[in-house]
Amino acid sequence: MKRSLTISTFILAAGFSYGLYHLSYEMQAMEQQLRTLNKALVAEQEEIHVLEAEWSFLTRPETLQTLAQDHLSLAPIEPYQVAARVTDLPMRNATTLAADRMPLPLPRPATLVEGRRP
Amino acid sequence: MIRTMKWTAAGGNRRTPKRTRRACRPIDVAKPSVSIKLDGTSKQAIETGRARMAIASLVFAVCFTAMSVRLVDLTLFQGGAEPTRADRSAGSLAGGASVGRAPIFDRNEILLAVNLRTASLSAKPYLVPDPEEAATQLARILPSPSRDELFRRLNSGQRFAWLKRGLTPDQQEEVNSLGIPGLDFDYEERRIYPHGALVSHVLGGADLDNTGIAGVEKWFNDDLMQSASSGGKLMLSLDINVQHAIRDELQRAVEEFQAIGAVGIVLDVQNGEVLSMVSLPDFDPNISGEAKDDRRFNRATLGVYEMGSTFKTFTAAMALDAGTIGMSGGYDATRPMRADRFVIRDFHAKRRWLSVPEIYMYSSNIGAAKMAEAVGTEGQQEFMSRLGMLNKPAVELPEVSAPLLPGQWLQVETLTIAFGHGLSVSPLQLASGIATIVNGGLAVQPTVVKRTNGQPFAAVPVISERTSDQMRRLMRLVVEHGTGGRAAAPGYLVGGKTGTAEKPVGGRYDRDALITSFVAAFPMTAPRYVVLAMIDEPKGNEATGGRAGAGLTAAPVVGRVIRRIAPLLGVDPVDEEDEAVLEALDIKINSRDPKVASF
């Protein structure tokens with residue numbers, strides 16, 4: 001009884017120490033991995049910050065204005081070009097209806113449809 | 001014997017355990033069948049021992065529980081977060097002594113200031129094999145220093161030499177690809193302002209140690225330092241696009257009129273957010289250390305000026321609100337007014353009786369002085385104080401001046417202050433005063449930090465809703481028929497007031513050194529923004545016929561600015577001839593001159 005207890009204790013002790021040893025090494029490896037990842041993360045964050053700063057620099061209103069003036073045929077918007085509400089839009093003119101020139105079927109104003117009937 | 005079982009110091013006398021065991025034996029032997037009852041002092045001693053045991057085990061239990069909890073907390077709930085850049089700066093990951101600093105954004109989250117790890121190029125000259133060739137190659141990449149200077153440093157034979165601080169990432173890569181031995185990169189954090197001079201005065205700048213030296217960088221220095229590690233950021237109320245529009249137009253005006261400086265402000269009339277603040281000349285905060293004092297001077301907040309006729313807005317609001325005169329009333333402006341040793345004259349003298357709208361529209365000094373005279377000195381002081389014209393504005397910038405009050409504020413001062421002389425205020429104060437007048441009469445506290453939605457702010461009424469409505473009609477009148485015609489931006493219902501003041505030079509007013517300003521609000525039916533343009537010492541040119549009044553210099557700037565920024569700010573243009581609009585801004589001029597009465 002006493003002997004089996006001693007032996008099992010020894011076996012247990014050996015087992016546990018091996019397990020612990022193994023665990024400890026595994027943990028060290030994982031910590032190393034974590035450090036590498038953290039470093040990579042910080043480097044990535046820094047890269048992002050540099051790119052953000054660069055984006056902000058490249059999209060300065062001043063630069064955009066120069067580029068727009070040089071390459072686009074756009075002018076500052078005039079008040080009459082802005083329609084604030086849907087009701088500001090003019091009604092569709094029936095005589096220049098796009099449907100007359102386009103093959104796509106478009107709904108037509110009731111007056112036109114009725115007028116075609118005999 | 002049991003009495004000897006004492007909770008004394010452990011391991012005292014070697015013989016004690018023996019004696020104790022012997023002493024305990026009677027209890028050990030005691031089986032359940034046999035019950036031993038102890039009485040008197042013995043029982044008491046055992047009870048004491050038990051109580052002490054219980055307390056001790058409780059204490060240990062608490063300790064171990066706490067340790068287990070902490071263990072679980074540490075292993076499971078902590079240390080799992082993503083590291084931040086500040087961690088690295090603090091030395092936990094890669095080392096480095098520099099300190100993080102939170103970034104600054106504009107109201108639309110456009111980056112204005114950020115800390116970047118930048119490389120600086122140094123050299124160990126004694127290791128560089130061919131200094132001449134190296135200097136030539138480096139000079140091709142770096143704009144400064146010059147090739148000769150680089151060669152001098154590389155050829156010095158010293159053990160260490162700085163070549164260039166703060167390389168851009170591209171430059172660093174190019175230098176790296178040269179593969180010259182003996183060159184080295186050192187890394188440090190540097191504050192970068194991608195927009196350069198565009199937001200110079202509000203941002204201010206930071207020195208090489210990353211300490212704020214001016215502007216919000218200085219005001220929020222501690223906050224920016226502390227919140228860096230927790231990913232904090234500072235959101236300003238500025239809108240970079242509005243800022244550019246007003247700076248662009250001001251630069252044009254400065255050039256056109258050969259002015260020495262200019263100020264532009266755009267202010268939200270409801271919550272006092274400063275959407276734009278420009279002071280020309282300005283500087284690049286990336287190299288703020290090299291800027292001259294004149295460039296670093298923020299005219300918008302640190303400069304105080306006698307604003308001239310724009311103050312008549314306050315005088316009219318004061319008189320109308322106090323009820324000393326109504327919109328149909330008026331004063332006689334036939335002859336110049338004598339006060340003490342001063343003579344108050346009108347620039348565009350009409351030499352007749354003027355109604356209140358006419359006084360404001362033609363910017364009559366005599367009329368304004370008479371309006372203030374009726375209210376009295378005390379009333380004026382009290383009104384100006386409520387309007388915030390007598391206190392330092394509480395904006396989040398270190399460079400803010402208190403207004404310059406007159407040495408004594410008597411009858412004469414009351415009359416001159418009525419048309420903007422004798423009381424010097426900063427342009428920001430003027431803009432917030434006008435915002436207060438047009439927004440329904442609630443005091444506006446300017447801020448350069450974005451207000452979060454629904455954040456309450458003190459809204460103390462200064463003038464009544466009715467007076468505010470009357471003032472809006474008056475300001476609209478100035479643009480429609482008065483001195484501010486050039487500030488019109490069709491569709492946006494601009495209203496405003498011109499101000500042309502002579503600068504005091506050596507105790508006298510100099511006719512050629514003017515401060516011209518135009519302060520406007522739009523759209524006048526329900527004002528949303530105040531726009532102020534001020535030009536320092538404009539000179540007349542051929543296009544203006546040699547004149548340099550505010551209506552010719554500052555008003556056009558405001559008109560152009562509003563045309564540019566209104567679509568950006570989501571202000572819808574309206575039909576200015578619409579019945580409802582005309583009615584909302586209708587005003588009876590009540591002129592006694594038949595020609596004027598017709599419109």
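The shown structure was predicted, so the numbers you read here are calculated from the model rather than taken from an experiment. Lettering follows sequence order; numbering is per chain, from 1. The analysis underlying the following values was restricted to heavy atoms, covering all of them including side chains, and did not include hydrogens, waters or symmetry mates.
To the nearest 0.5 Å, the span separating CG on B:Asn115 from CD on A:Glu46 amounts to 10.5 Å. Of the inter-residue distances, the one linking B:His244 atom NE2 with A:Glu62 atom CD reads 6.0 Å to the nearest 0.5 angstrom. If you take CD on A:Glu47 and CG on B:Leu116, they are separated by 10.5 Å, rounding to the nearest 0.5 Å.
Without hydrogens or angle criteria, A:Ser56 side chain to B:Pro194 main chain gives no donor-acceptor distance under 3.5 Å.
Residue-environment remark: CD (B:Glu579) stays at or below the threshold of 12 foreign heavy atoms within 6.0 Å. The 12-atom threshold is exceeded at CD of A:Gln81, counting heavy atoms of other residues, nucleotides or ligands nearer than 6.0 Å.
In this structure, chain A has no heavy atom under 4.5 Å from any part of B:Tyr193. When heavy atoms are compared at a cutoff of 4.5 Å, B:Asp248 approaches chain A solely by way of its side chain, counted from C-beta outward.
Looking at B:His195 and A:Pro61, their side chains come closer than 4.5 Å, going by heavy atoms from C-beta outward.
In terms of heavy-atom pairs under 4.5 angstrom with chain A, the leader among B:Asn241, B:Asp572, B:Leu111 is B:Leu111.
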